[in-house]
Amino acid sequence: MLRLASKRVLQGLASRSTQSPAVQVLPRHYHERVVDHYNNPRNVGSFDKSDPTVGTGLVGAPACGDVMKLQIRVDESTGKIVDACFKTFGCGSAIASSSVATEWVKGKQMEEVLTIKNTEIAKHLSLPPVKLHCSMLAEDAIKAAVKDYEAKRGAKSTASPEAAPLEKAADA
């Protein structure tokens, strides 16, 4: 859809050269980083959500219909995010925000990725104010993926037989 729109804009610019300057309307353009991440999205795909080393964040924006699934794979011994992927149904800015988010979380500690703010993503992609919700979705998806991973770890530790005596000792 973005490719079709950019073709129409370019064709429109070519045909407008014969119009008077008062009739010309300036077209809106996506920043080159948005176009790059839209045309060549990084880390598209999904992991098995039942894998205990995978955290899944699924978020959506009812106002515009964008839905974003971002997943992280964590090295349990180091707590580092070793891989990330996404699937996004939405506009070019939402896809670009997802792509950037997966690049930024790789190789970072869990605590560190929670400091990534939507304003940083929006600034990096030069998103206009009307598209800021796309970067907010990316931030929310990161937080949801971390929360999901931590919930799985919590469930795993309470289910283990070694955890039970420790919990009883802590309650005493």
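All values below were derived from every heavy atom in this structure, side-chain atoms included, with hydrogens, water molecules and symmetry-related copies excluded.
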Task: Stepwise side-chain contact (heavy atoms from CB on, under 4.5 Å) check, Cys64 with Cys91 - done: CA-CA 9 Å; Cys64 66; Cys91 65; over 6 Å; no

TODO: Please answer: with hydrophobic residues joined when any side-chain heavy atoms are less than 4.5 Å apart, are Val100 and Val146 in the same cluster?
DONE: yes

TODO: State, yes or no, whether a side-chain contact exists between Val67 and Leu58 at a heavy-atom distance under 4.5 Å.
DONE: yes

Open item on the list: Return the CG to CD1 distance between Leu132 and Ile121, rounded to the nearest 0.5 Å.
Closed with: 11.0 Å

Open item on the list: Please report the interatomic distance OG(Ser97) to NE2(His133), rounded to the nearest 0.5 Å.
Closed with: 9.0 Å

- [ ] Answer yes or no: is there a side-chain heavy-atom contact under 4.5 Å between Ile81 and Lys108?
- [x] no

TODO: Could you tell me whether a side-chain N or O of Arg73 sits under 3.5 Å from a main-chain N or O of Gln71, the two making a donor and an acceptor?
DONE: no

TODO: Starting from the C-alpha separation in whole Å, work towards a yes-or-no answer on side-chain contact (heavy atoms from CB on, under 4.5 Å) for Asp66 and Thr88.
DONE: CA-CA 7 Å; Asp66 291 347; Thr88 296; 5.7 Å; no

Open item on the list: Checking the side chain of Thr102 only, and the main-chain atoms of Cys85 only, is there a donor and an acceptor separated by less than 3.5 Å?
Closed with: no

Open item on the list: With a 4.0 Å cut-off on N to O distance, would you call Lys147 and Asp140 a salt bridge?
Closed with: no

Task: Distance (rounded to the nearest 0.5 Å) between Lys117 NZ and Ile142 CD1 - done: 10.0 Å

Open item on the list: Do Val34 and Ser126 have side chains that approach each other closer than 4.5 Å (heavy atoms only, starting at C-beta)?
Closed with: no

Task: Check: Leu125 and Ser93 side chains under 4.5 Å, non-hydrogen atoms - done: no

Open item on the list: Out of the candidates Asn43, Val44, Asn39, only one should pair with Pro41 under the side chain to side chain contact (heavy atoms under 4.5 Å, CB included) rule; please name it.
Closed with: Val44

- [ ] Could you tell me the separation between the CZ atom of Arg42 and the NE2 atom of His37, rounded to the nearest 0.5 Å?
- [x] 4.0 Å

Open item on the list: So which atom in Ser98 and which in Phe86 form the shortest heavy-atom distance, rounded to 0.1 Å?
Closed with: CB-CD1, 3.3 Å

Task: Transitive ILVMFWY side-chain link Tyr149 to Val59, under 4.5 Å - done: no

Task: Test item: Ser99 side-chain N/O and Ile95 main-chain N/O as donor-acceptor pair under 3.5 Å - done: no

Task: Minimum side-chain heavy-atom gap Glu112-Trp104 below 4.5 Å - done: no

- [ ] Quick one: pull up OG1 in Thr115 and CD in Glu139 and give me the separation to the nearest 0.5 Å.
- [x] 10.0 Å

Task: same_hphob_cluster(Ile116, Leu127) at 4.5 Å side-chain heavy-atom cutoff - done: yes

Task: Rounded distance [0.5 Å steps], CG in Leu70 versus NZ in Lys87 - done: 13.0 Å

Open item on the list: Between Lys152 (side chain only) and Val54 (backbone N and O only), is there a donor and an acceptor less than 3.5 Å apart?
Closed with: yes

Task: Minimal non-hydrogen separation, Lys69 against Ser46, with atom names - done: NZ-CB, 3.4 Å

Open item on the list: How about NZ on Lys80, more than 12 heavy atoms from neighbouring residues, nucleotides or ligands closer than 6.0 Å, or not?
Closed with: no

- [ ] May I ask whether Phe47 and Val105 are part of the same hydrophobic cluster, defined by side-chain heavy atoms of I, L, V, M, F, W, Y residues being less than 4.5 angstrom apart, directly or through others?
- [x] no

